[in-house]
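Shown next, in structure tokens, is the structure this report addresses.
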2 protein chains.
Amino acid sequence: MPTETTSTRAPSGARSLEHPDRADIRLADVLHALADPMRLRIVRVLAAAEDELNCADIELPVSKSTCTHHFRVLREHGVIHQLYRGTAKMNGLRRDDLEELFPGLVDSVLRAADLQAGRLGEE
Amino acid sequence: MPTETTSTRAPSGARSLEHPDRADIRLADVLHALADPMRLRIVRVLAAAEDELNCADIELPVSKSTCTHHFRVLREHGVIHQLYRGTAKMNGLRRDDLEELFPGLVDSVLRAADLQAGRLGEE
DNA sequence: ACCGTAGTACGACGCTTATCGTATGAGCCT
DNA sequence: AGGCTCATACGATAAGCGTCGTACTACGGT
């Protein structure tokens with residue numbers, strides 16, 4: 001595809017991101033997504049925030065590409081949803097879907113993370 | 001070591017296994033341990049059993065060495081405890097420790113696994 | 001029309017992991 | 001004592017993952 005740029009696969013206005021249907025979210029995948037310290041950190045920040053957050057709003061000690069990678073893992077495993085708004089990409093927890101599928105799971109993980117952070121003297 | 005057989009490193013009577021102290025158990029490690037389908041299966045069986053279980057009591061579609069591997073991961077990450085009884089090795093969930101560290105976490109994971117199994121028509 | 005900013009794509013690298021097979025060790029039973 | 005069974009140790013192998021840097025795309029503002 002030499003000269004054409006927009007017809008490659010672009011749908012319409014906003015770029016679209018692939019999200020798994022609720023029914024396709026697997027427990028092992030969710031646990032795996034949460035098992036990484038960096039991603040757990042992202043999820044904690046997202047859970048604490050009222051609104052959806054920009055990727056860059058979450059400070060992480062990793063490069064931008066690595067950051068993209070972690071957000072994608074979270075999205076593809078059904079933990080967060082993402083959508084483009086202008087040049088930014090907004091992120092939010094899929095609380096409703098997860099609560100419906102695995103009642104109480106996310107809350108207990110977040111609570112466990114809080115408790116452990118307190119125990120270890122972090123925040 | 002040609003002729004010597006027993007002095008290689010054998011301690012005393014019962015072989016001893018390394019377990020992490022409760023304070024050293026990390027949430028990310030526990031989640032990681034539970035994120036594998038095979039190990040989640042082991043944990044579910046262990047949770048359903050009243051008594052401690054022999055390794056071989058849990059049927060897994062993997063080789064024996066792989067089985068040993070998964071049990072060790074669960075033990076080293078603080079999810080189960082193991083002890084030798086005669087020729088067998090008994091396994092049990094570290095329910096108390098985990099409940100103290102991460103209240104409700106194990107229960108919600110087990111419940112989530114049950115729900116998902118029901119949804120997928122397995123058991 | 002241009003540039004800057006936000007994020008992606010892609011390839012690379014090193015480490016971890018899930019799996020296996022075979023050989024070995026530890027304890028029970030006859 | 002000898003054999004049986006449960007489980008380990010030790011490679012080996014192949015796949016996956018976290019990380020990075022650089023090059024690229026997509027929007028929005030001036």
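Lettering of chains follows the sequences in order, A, B, ..., and the numbering in each one begins at 1.
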- Look at the side chain of B:S65 and the base of C:dG21, then say whether one donor and one acceptor between them are separated by less than 3.5 Å. yes

- In residues 67-79 of chain B, which ones come under 4.0 Å of DNA chain D, going by heavy atoms? B:T68, B:R72

List in chain and number order the residues that pass side chain to side chain contact (heavy atoms under 4.5 Å, CB included) with [X], two or more places apart in sequence or in another chain; answer none if no residue qualifies.
X     : result
B:H77 : B:D29, B:H32, B:A33, B:V73
A:T66 : A:V62, A:S63, A:H70
A:D57 : A:L53, A:N54

Just the rounded figure in Å: distance from [atom2] of [N] to [atom1] of [X].
X     : N      : atom1 : atom2 : value
A:H32 : D:dG18 : NE2   : C1'   : 10 Å
B:Y84 : D:dA7  : OH    : P     : 9 Å
A:K64 : C:dT5  : NZ    : P     : 10 Å
A:I42 : C:dG7  : CD1   : P     : 12 Å
B:Q82 : D:dA7  : CD    : P     : 10 Å
B:L17 : C:dG25 : CG    : P     : 18 Å
A:M38 : D:dC20 : CE    : P     : 8 Å

- So which heavy atom on B:Q116 is nearest to which on A:L27, and how close? OE1-N, 2.8 Å

- Task: Could you pull out the closest heavy-atom pair between B:V79 and B:V30, with the gap in Å?
- Result: CG2-CG1, 4.2 Å

- Query: Looking at A:D114 and A:R44, does any basic side-chain N land under 4.0 Å from a carboxylate oxygen?
  - Reply: yes

- Query: Of the nucleotides D:dC6, C:dA18, D:dG18, which one has an atom closest to the side chain of A:R39?
  - Reply: D:dG18

Listed by chain and number, what are the salt bridge (Lys or Arg N to Asp or Glu O under 4.0 Å) partners of [X], not counting sequence neighbours?
X     : result
A:E76 : none
A:R95 : A:D107
A:R75 : none
A:R94 : A:D97

- Near DNA chain C, under 4.0 Å by heavy atom, which residues of residues 51-61 of chain B? none

With the criterion being N/O to N/O and under 3.5 Å, what pairs connect the protein with nucleotides 11-14 of chain C, and how long is each?
none

- Quick one: is C:dC20 close enough that its OP1 or OP2 comes under 4.0 Å of any side-chain N or O from B:T66? yes

- Decide whether A:N91 and A:Q82 meet the rule of one side-chain donor and one side-chain acceptor closer than 3.5 Å. yes

- Query: Any side-chain heavy atom of B:P61 sitting closer than 4.5 Å to one from B:M38?
  - Reply: yes

Write out a two-atom table: protein N or O, nucleotide N or O from nucleotides 28-30 of chain C, distance below 3.5 Å.
none

- Backbone of B:A23 reached by a side-chain donor or acceptor of B:D21 within 3.5 Å: no

- Item | Heavy atoms from other residues, nucleotides or ligands near CG of B:D24 exceed 12 (cutoff 6.0 Å) | yes

